[in-house]
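Residue indices begin at 1 and follow the sequence shown.
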Amino acid sequence: MISSTRRFCRLQKASESCGRKIEKMKKEDTVKLISAEGFEFVIDKNAAMVSQTIRNMLTSPGDFAETEHQEVTFPEISTTILEKICQYFYWSLQYASGKETEFHIEPELTLELMMAANYLHT
């Protein structure tokens with residue numbers, strides 16, 4: 001299991017490669033994604049919008065908790081998988097901007113990642 005500090009550092013490195021530092025982002029520019037175990041990932045809102053499902057949750061009209069608090073809980077997605085998904089969101093932004101880099105997926109995560117990607121429409 002990876003410590004929470006190392007997880008934050010990995011996401012921070014990914015966000016910096018997109019030109020933004022996590023700790024310097026305004027709250028309205030971030031989204032909190034919460035794993036099944038309760039681990040919180042605070043990521044750039046633009047990165048989270050890579051997922052059509054998250055985009056719909058955060059931009060739907062009405063008084064939904066996700067829209068109001070900019071926070072989404074995934075009771076079926078483990079911390080390890082959600083971390084990899086967050087990394088993918090940042091990678092996707094880089095790829096869309098023309099920076100072609102490899103996105104490594106550990107073979108043991110493949111099945112769970114495919115199921116989560118299907119749910120998130122990424």
Side-chain angles (χ1 to χ4, degrees):
M1 188 83 171
I2 299 171
S3 73
S4 60
T5 303
R6 281 186 47 203
R7 287 182 198 278
F8 178 77
C9 290
R10 283 186 183 176
L11 289 177
Q12 183 176 24
K13 184 177 179 183
S15 72
E16 288 172 359
S17 64
C18 290
R20 301 181 85 174
K21 289 191 175 190
I22 289 176
E23 69 270 2
K24 294 191 179 195
M25 286 190 280
K26 297 176 185 171
K27 186 174 180 177
E28 60 269 10
D29 294 336
T30 63
V31 173
K32 186 185 295 184
L33 306 180
I34 305 170
S35 71
E37 298 86 3
F39 195 93
E40 299 176 350
F41 294 90
V42 179
I43 66 171
D44 187 298
K45 190 173 186 176
N46 292 328
M49 294 298 188
V50 167
S51 164
Q52 188 63 44
T53 301
I54 294 174
R55 178 188 307 265
N56 290 342
M57 289 176 168
L58 297 176
T59 60
S60 295
D63 294 328
F64 294 103
E66 292 87 359
T67 305
E68 186 177 327
H69 301 293
Q70 298 296 293
E71 181 177 300
V72 182
T73 301
F74 297 102
E76 300 296 323
I77 300 178
S78 71
T79 300
T80 303
I81 298 301
L82 190 55
E83 176 187 21
K84 196 67 171 178
I85 289 167
C86 291
Q87 291 171 359
Y88 171 78
F89 291 162
Y90 283 110
W91 177 87
S92 181
L93 289 179
Q94 291 175 345
Y95 187 83
S97 68
K99 184 177 180 183
E100 293 187 29
T101 59
E102 187 175 311
F103 185 75
H104 178 72
I105 298 173
E106 295 80 6
E108 61 273 11
L109 300 180
T110 305
L111 180 60
E112 282 186 85
L113 274 172
M114 286 175 45
M115 292 185 327
N118 184 50
Y119 171 71
L120 294 170
H121 298 280
T122 55

Are the side chains of [X] and [Y] in touch, meaning some heavy atoms are under 4.5 Å apart?
X     : Y      : value
Ile85 : Leu33  : no
Phe74 : Leu120 : yes
Asp44 : Tyr90  : yes

Would [X] and [Y] show up in the same hydrophobic cluster when neighbours are defined by side-chain heavy atoms closer than 4.5 Å?
X      : Y      : value
Ile34  : Val31  : no
Ile105 : Met114 : no
Leu113 : Phe39  : yes
Phe89  : Met115 : no

Shortest non-hydrogen separation from [X] to [Y] and the atoms involved:
X     : Y     : value
Pro75 : Ala36 : O-CB, 3.2 Å
Arg55 : Met49 : NH2-O, 2.7 Å
Leu82 : Ser35 : CD2-N, 3.5 Å
Ser92 : Val50 : OG-CG1, 3.7 Å
Ala47 : Leu93 : CA-CD1, 3.5 Å

TODO: Sequence neighbours left out, what passes side-chain contact (heavy atoms from CB on, under 4.5 Å) with Glu66? Give chain and number order.
DONE: Met57, Leu58, Phe64, Val72
TODO: Please confirm whether the backbone N or O of Val42 pairs with a side-chain atom of Thr30, one donor and one acceptor, at under 3.5 Å?
DONE: no
- [ ] Any side chain to side chain donor-acceptor pair (under 3.5 Å) involving residues 107-122? Give me the pairs, sequence neighbours left out, ordered by first then second residue.
- [x] none
- [ ] Using salt bridge (Lys or Arg N to Asp or Glu O under 4.0 Å) as the criterion, list what pairs up with Glu68, not counting sequence neighbours.
- [x] none
Task: Results of salt bridge (Lys or Arg N to Asp or Glu O under 4.0 Å) for Glu40 - residues two or more places apart only - done: Lys32
Open item on the list: Rounded to the nearest 0.5 Å, what separates atom CD1 in Ile43 from atom CD in Glu83?
Closed with: 12.0 Å
Task: Non-neighbouring partners of Tyr88 that pass ring-ring contact (aromatic ring centres under 6.0 Å, His included), sequence neighbours left out - done: Trp91, Phe103
